[in-house]
Amino acid sequence: MRTKYFRYIFLVCLFVYACKKSDDTQDMVTFLGFQKPKNFPDPVYNFSNNPVTKAGFELGRTLFYDPRLSRDNTISCGSCHIQSSAFTHHGHDVSHGIEDRLGTRNAPPIMNLAWNKAFMWGGGIYDLDLQPIAPITTHEEMDESLENVLNKLKSIPTYRNKFKEAFGSDEISTAHLMKALSQFMLMCISSNAKYDKVIRNEGNISFSAAEQEGYQIFKEKCASCHTEPLFTDGTFRNNGLAPNAINDKGLYIATLLDKDQYKFKVPSLRNLKYTAPYMHDGRFLTLDAVLDHYTGQVQDTPNLDPLLKQQTPRGINLSTDQKDKLLAFLNTLNDEDFIHNKALAEQ
Amino acid sequence: MKKIITLIAINAILFTACKKDSNPVPDFDENNLAPLSVEFDNIAGGRTLTFNNTDVPYTNAKGESVSISLLQYFISNIKVTTTSGKEYTVKQDDSYFLINGADKSTRFAKIKVPEGDYSKLTFVLGIDSLRSTMPLDKRTGVLDPASGSGMYWGWNSGYIFFKMEGNSSSITDDQSGDPTGKKQFKYHIGGFGGYSSSTINNIKTITLDLTNAGIAKVRKDRQSNIHLFVDVLKVFNGSNSFSIKEHPNVMFSEYSVSIAKNLSEMFKHDHTEN
């Protein structure tokens, strides 16, 4: 009788424990925080100063999709950084902000920013927490003052609650606003393309023959700038584009150093399927046009990257067959999970 | 007997007087802080500074008319030196001030320094590179990019150290001047040296000797005030003198380095109120 009784108690305890555990697991499944993909290097972002929490991330997401960040409450971050286009402005060479004012550069993807040392096509910003100040205050983008944004948010009680949940204080400060936006953007991680699964040996997935050959061509001819696994080395280089109508000199504008003239940030090659058009001013509508540039249109402008000067004619030597295989490999860098990740969508 | 008492009294008075004279300066103690203010009194050459006085404008060295509509600058990293050569640097977090010419209440940089007699004042016009690259949490008050002062460049992370805008009839109405026809000039001077590569550095450290115009006697029971005159016409008339017509707009550019040199010549110690 006694044993039976203990057994019963034991079972009840086990049951309760199991229930509790499953509750915890439920929470873990919904929000894991920032997780470094196995095949990625250590991030650059200083997480110790802004650890990603569920409340912070969700607040950041709400802010990212809130048009109150613009002067006339019409444009949100998500207006020009659309998830289905890997957070770029699909179909726009340069983006239009409030009142349809046109900018001068192509909206870059919000993707794997935890590994970014520098922001914007032309640099000038080196801390993700300071980046949103640029689009919010730029005349052609959101044309709003930070002060006004904070005032608008302070007038909304739900925001005060959300800031309190995220930062332990309902003070809506510049630092809290920027940290929340960073938490959302840091979670925009693209690491589940076919390439990643092959590299991580997941689920018996392997490259096709064409993809494999394309991978070899990539490693030989592209990887020195578009370094794996982020597919950019994060540097600024002149890839020989003819200067555009406004003679955008790229990094030079922020540094005023002659050695930086016509240098732009090396973009990642991930998710190219969704991010056309290409280059800092969106001048190329297709990847074929991009490859045509590298194989025959590279201009000898000041500071042209030495890697593009090693042969005659300038650029990269690729046969039609090699181009096809390279495109097959680049196609393995498209990440369906990323563009369909519901956690990153407007709720 | 009466005489003796009188003598003792006189002696006592003399002795007290002596004692006071022989030790007038308190010991330099970094824990014994007293108030000191530095007053940035903006002037225009030989005249007081009035905003938007387009009717009776000022005149620069090139003979161009000048009126001022906006004047703001950052003062930071204040350091004082006693007459015996002891230096005291104001606690970094308490050493950032935004002087707004249009708002008289901002003209004082109020600091705390050890009791003592000071004959030298050092400060930075602008924001040091360390603070310019700190996390946002460390940039509150006048350093908050949302403070509404318009002294922060979002596109090229960093503070505008000195901002002066106004009008001059010398400015042309075409692209090289002010195409809006308002004849406005704008000088936004900044540049802390860059995050990653070495870029223009317009941080200016200014040191003023207070000996001639009056040392600052800082004591707990009084308010010593170092009164500076800040001559805005020196922006044009400093050692790198220039014409407004030729350079009506200077922001983040090579030419700003030339103007920044003039900025360090704006400050003159006029007197000290002890």
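In what follows, every chain begins at residue 1, and chains take the letters A, B, ... in the order their sequences are listed. As a basis for the values below, the full set of heavy atoms in this structure was taken, side chains included, without hydrogen atoms, waters or symmetry mates. Because the structure is a prediction, the values reported are computed rather than measured.
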| field | Side chain, backbone, both or neither of B/Ser198 within contact of chain A (heavy atoms, under 4.5 Å) | value | backbone
| message | Between B/Thr140 and chain A, with a heavy-atom cut-off of 4.5 Å, which part of the residue counts as in contact: side chain, backbone, both or neither? | response | neither
| task | Please determine if A/Lys263 and A/Asp305 form a salt bridge, counting it only when a charged side-chain N lies under 4.0 Å from a carboxylate O. | result | no
| field | Pair B/Arg107 + B/Glu39, salt bridge at N-O below 4.0 Å | value | yes
| query | Tell me, side chain or backbone of A/Lys117 under 4.5 Å from chain B's heavy atoms, or both, or neither? | reply | neither
| Step by step, would you call A/Phe57 with A/Phe184 a ring-ring contact (aromatic ring centres under 6.0 Å, His included)? | CA-CA 5 Å; A/Phe57 162 76; A/Phe184 172 72; 5.8 Å; yes
| remark: Paired with B/Asn42, the side chain to side chain contact (heavy atoms under 4.5 Å, CB included) test is passed by just one of B/Thr48, B/Leu49, B/Asn100, B/Leu228, namely B/Leu49
| query | Can you tell which of B/Pro145, B/Pro135, B/Gly158 has the highest number of heavy-atom pairs within less than 4.5 Å of chain A? | reply | B/Pro145
| request: Against chain A, work out which of B/Asn156, B/Thr199, B/Ile200 has the most heavy-atom pairs shorter than 4.5 Å and name it. | output: B/Asn156
| message | Looking at A/Asp170 and A/Lys164, would you say the former's side chain and the latter's main chain have a donor-acceptor pair under 3.5 Å? | response | no
| Parallel, tilted or perpendicular: rings of B/Phe74 and B/Tyr159 (30°, 60°) | perpendicular
| request: Assess whether salt bridge (charged side-chain N to carboxylate O under 4.0 Å, His left out) is satisfied between B/Asp128 and B/Arg131, documenting all intermediate values. | output: CA-CA 6 Å; B/Asp128 54 288; B/Arg131 186 67 59 159; 5.2 Å; no
| query | Taking atom types as modelled and ignoring hydrogens, do the side chains of B/Asn60 and B/Asn237 form a donor-acceptor contact shorter than 3.5 angstrom? | reply | no
| task | Would you mind telling me which of A/Glu147, A/Lys179, A/His176 has the largest number of heavy-atom pairs within less than 4.5 Å of chain B? | result | A/Glu147
| Contacts of residues 246-262 of chain A with chain B (heavy atom under 4.5 Å) | A/Ile253, A/Ala254, A/Thr255, A/Leu256, A/Leu257, A/Lys259, A/Asp260
